[in-house]
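Shown next, in structure tokens, is the structure this report addresses.
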Amino acid sequence: MANSRNGEQRSYVSALEEGKIKRAVQMWLNSCDCLPLPKLNYNYHGENIGLFLVPLQAPYITRRYILGGYEAQYQFSVDLLLPAGNDDERMTADEELESVATWAEQNFSAMETEDGSIRMRKLNRDTPAVPLDMLQSGAEIHSINFTLFYEVNV
């Protein structure tokens, strides 16, 4: 457990559950027909170009049910890493991420993980696409943040 911003104790989900959520989100986003690159990878900015699913923090429980189930949330970003050489390329990177976000909002429906143990209920886009950082190589990271709300029934 850890403290949240308002001082309450925050309960994080198990590593197994976290893995299921990450895999489900990655698989679903990889079905997007407007990805700016062929594949959304998981959390590795080691190249000069790529599209990445990046956890912003571990999923945590937001509400418990009387019968043992609970609601939780997972905050993540979709990052586009590319060697943008001018303003037009930078703006295009943001526009491409906005297209992915629009697709996600329009194509999200209550989904379940492959084993049916977790039901994803709601997706929020938390930020617009923005330039986040520039690496020493000159490559830039453009990012857009989301929060996924889901429930687990025991």
Side-chain angles (χ1 to χ4, degrees), residues 1-8 10-63 71-114 118-151:
M1 280 199 218
N3 287 330
S4 65
R5 287 187 185 158
N6 59 9
E8 296 175 13
R10 182 173 286 170
S11 296
Y12 293 100
V13 304
S14 70
L16 178 62
E17 180 178 317
E18 183 177 357
K20 287 179 184 181
I21 289 295
K22 290 175 188 177
R23 281 181 172 76
V25 169
Q26 182 183 22
M27 190 170 21
W28 172 67
L29 285 172
N30 269 320
S31 72
C32 174
D33 59 2
C34 61
L35 290 178
L37 295 170
K39 182 181 176 195
L40 178 79
N41 298 294
Y42 178 71
N43 197 26
Y44 177 67
H45 287 170
E47 305 294 326
N48 284 329
I49 190 165
L51 186 64
F52 305 94
L53 171 67
V54 180
L56 298 177
Q57 70 176 30
Y60 62 91
I61 297 169
T62 56
R63 188 171 101 179
E71 290 179 353
Q73 71 176 35
Y74 172 51
Q75 295 174 326
F76 65 93
S77 67
V78 174
D79 292 0
L80 177 58
L81 177 65
L82 72 161
N86 58 50
D87 289 344
D88 184 55
E89 290 174 352
R90 288 180 185 97
M91 286 186 262
T92 298
D94 289 342
E95 292 163 355
E96 288 174 337
L97 282 178
E98 287 292 338
S99 293
V100 172
T102 299
W103 177 91
E105 290 173 321
Q106 292 173 350
N107 290 280
F108 184 84
S109 60
M111 303 178 291
E112 292 185 355
T113 54
E114 287 183 352
I118 299 169
R119 183 168 185 208
M120 293 165 268
R121 309 271 313 199
K122 182 180 174 187
L123 180 75
N124 285 352
R125 179 188 346 188
D126 299 329
T127 66
V130 294
L132 186 64
D133 199 4
M134 182 180 284
L135 305 178
Q136 286 182 338
S137 66
E140 298 179 7
I141 301 171
H142 294 253
S143 184
I144 191 163
N145 297 351
F146 297 90
T147 300
L148 174 70
F149 299 89
Y150 66 94
E151 68 181 9

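Counting begins at 1 with the first residue of the sequence. Just so you know, these numbers use all the heavy atoms, side chains as well, and skip hydrogens, waters and symmetry mates. Nothing here was measured: the structure is a model prediction, and the numbers come from that model.
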I need the [X] [atom1] to [Y] [atom2] distance, nearest 0.5 Å.
{"X": "Phe52", "Y": "Leu80", "atom1": "CZ", "atom2": "CG", "answer": "9.0 Å"}
{"X": "Ile61", "Y": "Glu71", "atom1": "CD1", "atom2": "CD", "answer": "11.0 Å"}
{"X": "Ser137", "Y": "Ile49", "atom1": "OG", "atom2": "CD1", "answer": "11.0 Å"}
{"X": "Tyr60", "Y": "Arg10", "atom1": "OH", "atom2": "CZ", "answer": "4.0 Å"}
{"X": "Thr102", "Y": "Arg125", "atom1": "OG1", "atom2": "CZ", "answer": "4.5 Å"}
{"X": "Asp126", "Y": "Thr147", "atom1": "CG", "atom2": "OG1", "answer": "3.5 Å"}

Please evaluate residues Trp28 and Leu123 with respect to the criterion side-chain contact (heavy atoms from CB on, under 4.5 Å), reporting the C-alpha separation (whole Å), side-chain torsions for both, the decisive distance (0.1 Å), and the verdict. CA-CA 12 Å; Trp28 172 67; Leu123 180 75; 3.8 Å; yes
Apply the salt bridge (Lys or Arg N to Asp or Glu O under 4.0 Å) test between Glu151 and each candidate in Lys122, Arg63, Arg121; give the one that qualifies. Arg121
Test salt bridge (Lys or Arg N to Asp or Glu O under 4.0 Å), reference Arg90, set Asp87, Asp88, Asp94, output is Asp87
Taking the side chain as C-beta and beyond, is there a heavy-atom pair between [X] and [Y] under 4.5 Å?
{"X": "Leu97", "Y": "Val130", "value": "no"}
{"X": "Met27", "Y": "Glu114", "value": "yes"}
{"X": "Leu81", "Y": "Leu135", "value": "yes"}

Using atom types as modelled and distance alone, determine if a side-chain donor or acceptor of [X] lies under 3.5 Å from a backbone N or O of [Y].
{"X": "Glu98", "Y": "Pro128", "value": "no"}
{"X": "Asn30", "Y": "Leu40", "value": "yes"}
{"X": "Thr127", "Y": "Asn145", "value": "yes"}
{"X": "Asn43", "Y": "Pro55", "value": "no"}

If you take all heavy atoms of [X] and [Y], which pair is closest and at what distance?
{"X": "Pro83", "Y": "Glu89", "result": "O-OE1, 3.8 Å"}
{"X": "Lys22", "Y": "Tyr74", "result": "CG-OH, 3.4 Å"}
{"X": "Trp103", "Y": "Cys34", "result": "CB-SG, 3.8 Å"}
{"X": "Pro36", "Y": "Val100", "result": "CD-CG2, 3.8 Å"}
{"X": "Ile118", "Y": "Glu17", "result": "CD1-CG, 3.6 Å"}
{"X": "Ala110", "Y": "Arg119", "result": "CB-NH2, 3.2 Å"}

Take Leu37 and Glu96, measure what side-chain contact (heavy atoms from CB on, under 4.5 Å) needs, and give me the verdict at the end. CA-CA 10 Å; Leu37 295 170; Glu96 288 174 337; over 6 Å; no
Mutual orientation of the aromatic rings belonging to Phe76 and Phe146 [parallel < 30°, tilted 30-60°, perpendicular > 60°]: parallel
Between the side chains of Gln73 and Tyr150, does any donor sit under 3.5 Å from an acceptor? no
